[in-house]
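One is the number of the first residue; the rest follow in order along the sequence. Side chains included, hydrogens not; waters and symmetry mates left out as well; all remaining heavy atoms used. In this text, all values refer to a predicted model and were calculated from it rather than measured experimentally. Atoms within each ligand, like the ligands themselves, are counted from 1 in listed order.
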Amino acid sequence: MSKPILQIFTVTTREGRKGPAVAAWFEQVAREYGKFEVEPIDLKMVNLPLMDEPEHPRLRRYKHEHTKAWSVSVQRADAFVFVTPEYNFSMPPSLVNAVDYLVHEWAYKPVGFVSYGGVSGGLRAVQMTKQLVTALKMMPVPEAVTLPLFTTAIDAETGRFAPPDLQARSGIAMLDELLRWAEVLKPLRTV
Ligand SMILES: Cc1cc2nc3c(=O)[nH]c(=O)nc-3n(C[C@H](O)[C@H](O)[C@H](O)COP(=O)(O)O)c2cc1C
């Protein structure tokens, strides 16, 4: 039997962003976990413009090629992880924009969060994003990876992010839940 597909999103897009270092670390945790087929997705590479579809995405009458490609990509997934910081106590606009493009492709799939930041560890962005994802019938799991003062775990020379082991254990607890929900929600994913 094929493994469920876990898409891990790097959501930030700015020049000099740290998101890819955090996402690379979590991708490794997920690959070692071994029960998902892991697909890293970088929103900077996806490069969606600000939402420009003329019709509501629930109708699935996409006009633009970038939306059609994004739809095919998200549709493939069984579960998601958003690797996100907080910008001004909320989620980065690139995350909201990417989510807003689609409706059905997100539905009945569990979502987990790896968040990073200063003392807050990005938690305020996570709480806000939970409200957004539930509007699209995603199932946010409470288990999470929260990375306060995350830059202290970035190697100054290599840029590699290597947090304490505790964080990988939090990641595994989250992956366990994502797997459970991905399996039980499968019958609802008929589209
Ligand atoms: C526009 C902007 C707003 C920010 N606001 C917050 C914030 O509210 N809380 C926080 O902990 N860090 C904040 N930061 C610092 C980020 O945690 C830090 O820059 C992080 O590296 C951002 O992720 P990125 O590098 O992937 O863009 C902010 C950074 C930027 C660029």
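At distances below 3.5 Å, at least one donor-acceptor pair connects side-chain atoms of His56 with backbone N or O atoms of Arg58. With hydrogens and angles disregarded, a donor-acceptor distance shorter than 3.5 Å links the side chain of Gln167 to the backbone of Thr146.
Aromatic ring pairs are classed by plane angle as parallel below 30°, tilted from 30° to 60° and perpendicular above 60°; the pair Trp106 and Phe80 is perpendicular.
Within ligand 1, counting atoms from 1 as listed, the ones closer than 4.0 Å to a heavy atom of Pro85 are 22 (C), 23 (O). Residue-ligand proximity, Gly19 to ligand 1, at heavy-atom distances under 4.0 Å covers atoms 26 (O). Close approach of ligand 1 to Thr12 is summarised as follows: ligand atoms under 4.0 Å from at least one heavy atom of the residue are 24 (P), 26 (O), 27 (O). Those atoms of ligand 1 with a heavy atom of Gly118 less than 4.0 angstrom away are 10 (C), 11 (O). Set against the non-hydrogen atoms of Ser120, the atoms of ligand 1 under 4.0 Å away are 11 (O).
In terms of protein heavy atoms, atom 31 (C) of ligand 1 is closest to Tyr87 CE2, 3.9 Å. Scanning all protein heavy atoms for the shortest distance to atom 8 (O) of ligand 1 gives Phe89 N, 2.9 Å. Closest to atom 5 (N) of ligand 1 among all protein heavy atoms lies Asn88 N, 2.8 Å. Atom 17 (O) of ligand 1 has as its closest protein heavy atom Gly117 CA, 3.6 Å. Phe150 CZ, 3.3 Å is the protein heavy atom nearest to atom 21 (O) of ligand 1.
Taking all heavy atoms of Lys18, Arg17, Arg14 into account, the minimum distance to atom 19 (O) of ligand 1 is reached by Arg14. Between Glu86, Glu15, Lys44, it is Glu86 that holds the heavy atom closest to atom 6 (C) of ligand 1.
Ser120 and Glu86 are linked by a side-chain donor-acceptor pair at a separation below 3.5 angstrom, with hydrogens and angles left out of the test.
The local environment of CZ in Arg76 is crowded, with over 12 non-hydrogen atoms from other residues, nucleotides or ligands closer than 6.0 Å.
Here Arg180 pairs with Glu177 in a salt bridge; the nearest charged N to carboxylate O distance falls below 4.0 Å. In this structure, Glu55 pairs ionically with Arg61, as a charged nitrogen and a carboxylate oxygen lie closer than 4.0 Å.
Put simply, atom 15 (C) of ligand 1 has no protein non-hydrogen atoms near it, under 4.0 Å away.
Met138 contributes atom CE, which lies 6.5 Å from atom CG of Leu132 (distance to the nearest 0.5 angstrom).
Here the options are Arg60, His64, Glu65, His66, the test is side-chain contact (heavy atoms from CB on, under 4.5 Å), and the partner is Tyr62; only Arg60 passes.
Checking only distances, Gly16 never comes within under 3.5 Å of ligand 1, N or O to N or O.
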